[in-house]
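One structure is given here, and the rest of the page talks about it.
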Amino acid sequence: MTQRSFLLIILLSVAAGVAGFFLHQAEYPLTYDEGDYYLAVQRGFWVNWTDHDDLPLTEFVRMGMDALGDAEARARLSDYIRGSGSTMFLRHYHPPLAFYPAIALSHVTGGMPLHWQLRLSNLFWVLLWIAVIGVIGWRHDSARTPLLLLLPASSAYAMAVVGFNMHLPFGLMLTLFLFCLYLYERGGEASMLRLTQLFFAATLVTVAYGMFVVFFTVLFLFWRFWKSTSRFAFLRRVGRSVVWVAGFLLLLWPASLLTLNLLKNWVFVIYIAVFRLPSETVAFDNWWELLFDKWNANPFELLLIPTLLIIVLLRARTMLRHGSVCIATGFSLALLYLQMNPTLVYRWYLFPVSGIMLFFLPFVVSQIFGNWGLQRPVPIGVAATVLFVSALFLVPKPDYSELISLHKLVAAEKPSAMTLPRSVYPQLRPYYPDAAITSYHDDAYGSMNVPDSMEAWQRRGLVLVPVGVQPPGLRPDASTEHYLLFRPKDARDIPQ
């Protein structure tokens with residue numbers, strides 16, 4: 001492919017990424033997670049980069065151990081950490097890389113609605129991804145590929161960009177790591193090795209699924225060590241790479257190593273998986289709904305996953321000689337298994353696998369087994385157009401109509417004080433930074449003396465309670481599908 005043709009592919013990829021981002025957005029306020037993420041962004045770069053306001057690791061572990069078998073203790077732990085002002089808690093113990101663009105853009109987006117201040121940063125990641133592959137392809141003929149078009153045009157991308165999340169940048173950093181690793185395996189260039197190490201570190205400081213990347217990388221390195229004829233030289237090379245990765249980790253997130261916050265991230269996610277998810281409600285009525293509403297709305301993109309995995313397994317002796325393919329295959333299988341859990345609801349969780357299936361593995365297949373039409377711009381351009389148009393029809397915009405209604409009700413009251421369930425506290429807090437807000441744990445509401453509490457709460461300000469626990473004889477002033485709203489009983493008693 002000529003440089004001129006590749007430049008056209010780059011420009012079309014940018015157009016698809018930008019158009020797909022805006023066409024699939026829905027105007028809805030900050031969600032539960034985004035409310036906390038927004039507050040984390042407001043803390044600025046230095047606090048997120050250093051995490052100097054977080055709990056020490058020993059205290060984090062001790063309090064977590066105390067709360068393992070007790071739901072109320074876990075709620076108290078959550079209250080304590082939220083009250084401590086920990087920025088890492090506001091990030092829900094995610095690493096900070098995904099937050100940096102939103103922080104950098106805050107000087108430009110400050111006058112926009114709060115949800116745009118967060119979600120616009122999603123666009124940064126896809127443009128960065130295209131730019132990195134574009135620069136590499138500009139310098140290396142073998143890295144030029146029209147496959148760059150497919151991911152920004154896909155339903156997988158359309159489903160991932162609608163909310164601020166870590167899985168979109170993680171999936172893109174993961175594909176860059178695998179892409180650079182494969183090119184290094186084929187060419188052995190030192191510059192490509194440095195990029196591999198950089199993007200490996202970037203996957204670790206984006207979301208906790210990086211632990212699976214580490215696992216399969218270590219597994220492959222152990223296998224290579226076992227097969228190596230010069231094990232000392234092999235260990236020396238691996239040691240140098242570990243030092244480079246550690247250096248990039250310190251550059252991207254010094255707290256990851258200096259205060260072991262990367263370990264906190266992994267421990268917290270394991271805690272959620274073991275102790276929180278089993279008690280969550282099932283979000284999908286059947287497997288078809290899980291596949292199309294969460295995994296991917298496009299049947300073609302869904303079928304691509306088993307097709308490419310079968311190709312890898314059928315040609316295992318050739319494909320699995322490459323560490324990049326081994327890591328990609330192992331990671332994909334692990335994430336596919338995890339995302340069969342119907343309590344995990346968000347539509348961007350499987351995006352990292354989509355990045356592998358819509359870009360990395362097709363690129364490797366075209367390199368190892370011949371063109372197969374995968375390096376011809378015209379058929380790939382047609383396929384990208386079909387994917388893009390299909391996404392417009394197949395991917396519904398998120399429905400947060402009740403959240404919008406709730407915001408309208410609360411905004412109409414211009415509250416200076418509120419009592420509300422914790423389930424809506426994070427998504428309302430950023431909109432009323434000066435209001436006195438008291439929250440209560442939703443699960444504990446049934447054991448509270450509601451009739452007596454309501455009178456005291458109303459004297460403090462606006463009150464929200466879940467539908468179904470309305471005090472007898474007390475009519476709400478307004479309601480949504482799940483919440484009842486009671487106006488202040490005596491406005492003179494509201495703190496100003």
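Side chains included, hydrogens not; waters and symmetry mates left out as well; all remaining heavy atoms used.
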*Before accepting this row, confirm whether a basic side-chain N of the pair Arg119/Glu34 lies closer than 4.0 Å to the acidic partner's carboxylate O.*
yes
*Charged N to carboxylate O under 4.0 angstrom, Lys264 versus Asp51?*
no
Does any N or O in the side chain of [X] come within less than 3.5 Å of the main-chain N or O of [Y], such that one atom is a donor and the other an acceptor?
X	Y	answer
Asn165	Leu168	yes
Ser228	Ser230	yes
Gln117	Ser106	no
Glu301	Ala297	no

Check: residues 332-340 side-chain donor-acceptor pairs under 3.5 Å, at least two apart:
from, atom 1, to, atom 2, distance (Å)
Ser332, OG, Ala328, O, 2.8
Gln339, OE1, Lys294, NZ, 3.1
Gln339, NE2, Tyr209, OH, 2.9

*Ring centroid separation His115 to Tyr28 under 6.0 Å*: no
*Hey, would you say the Trp46 and Trp49 ring centroids sit under 6.0 Å apart?*
yes
*Flag yes if more than 12 heavy atoms outside Phe300 fall under 6.0 Å of its CZ atom; otherwise flag no.*
no
*Crowding at CZ, Arg231 (>12 non-hydrogen neighbours, <6.0 Å)*: yes
*Find the distance between OH (Tyr100) and CG (Asn48) and round it off to the nearest 0.5 Å.*
7.0 Å
Relative to each other, are the rings of [X] and [Y] parallel, tilted or perpendicular (30° and 60° limits)?
X	Y	result
Phe359	Trp129	perpendicular
Tyr32	His92	tilted
Tyr349	Tyr346	perpendicular
Tyr157	Phe351	tilted

*Could you point out which residue of Phe170, Phe360, Phe215, Phe216 forms a ring pair (Phe, Tyr, Trp, His ring centres under 6.0 Å) with Phe331?*
Phe170
*Would you mind telling me which of Phe164, Phe45, Phe124, Trp125 makes a ring pair (Phe, Tyr, Trp, His ring centres under 6.0 Å) with Phe99?*
Phe164
*From CA spacing to verdict: side-chain contact (heavy atoms from CB on, under 4.5 Å), Arg186, Gln367*: CA-CA 10 Å; Arg186 294 295 292 261; Gln367 292 281 310; 4.1 Å; yes
*For Leu8, all residues meeting side-chain contact (heavy atoms from CB on, under 4.5 Å), sequence neighbours excluded*: Leu12
*Do Glu185 and Ser324 come close enough that some side-chain heavy atom pair is under 4.5 Å?*
yes
[X] and [Y]: side-chain donor and acceptor closer than 3.5 Å?
X	Y	result
Thr87	Asp53	yes
Asn261	Ser256	no
Thr31	Asp33	no

*Shortest non-hydrogen contact from Trp138 to Leu7?*
CZ3-CB, 3.9 Å
*Which is it for His167 and Leu350 under the side-chain contact (heavy atoms from CB on, under 4.5 Å) test, yes or no, and what are the steps along the way?*
CA-CA 8 Å; His167 300 270; Leu350 210 69; over 6 Å; no
For residues 193-206, run the donor-acceptor check on the side chains, cut-off 3.5 Å, and write out each pair with its distance to 0.1 Å, sequence neighbours left out.
from, atom 1, to, atom 2, distance (Å)
Arg194, NH1, Gln197, OE1, 3.1
Thr196, OG1, Cys180, O, 3.3
Thr196, OG1, Leu181, N, 3.3
Thr196, OG1, Met192, O, 2.8
Gln197, NE2, Ser241, OG, 3.1
Thr203, OG1, Phe200, O, 2.6
Thr206, OG1, Ala202, O, 2.4

_Ring-face cation of Arg315 near Phe369 (centre distance under 6.0 Å, axis angle within 45°)_ = yes
*Mind running side-chain contact (heavy atoms from CB on, under 4.5 Å) on Asn298 and Phe292 for me, showing each step along the way?*
CA-CA 7 Å; Asn298 190 326; Phe292 290 107; over 6 Å; no
*Can Thr343 and Asn341 be said to form a side chain to side chain donor-acceptor pair (under 3.5 Å), step by step?*
CA-CA 6 Å; Thr343 62; Asn341 188 329; 2.6 Å; yes
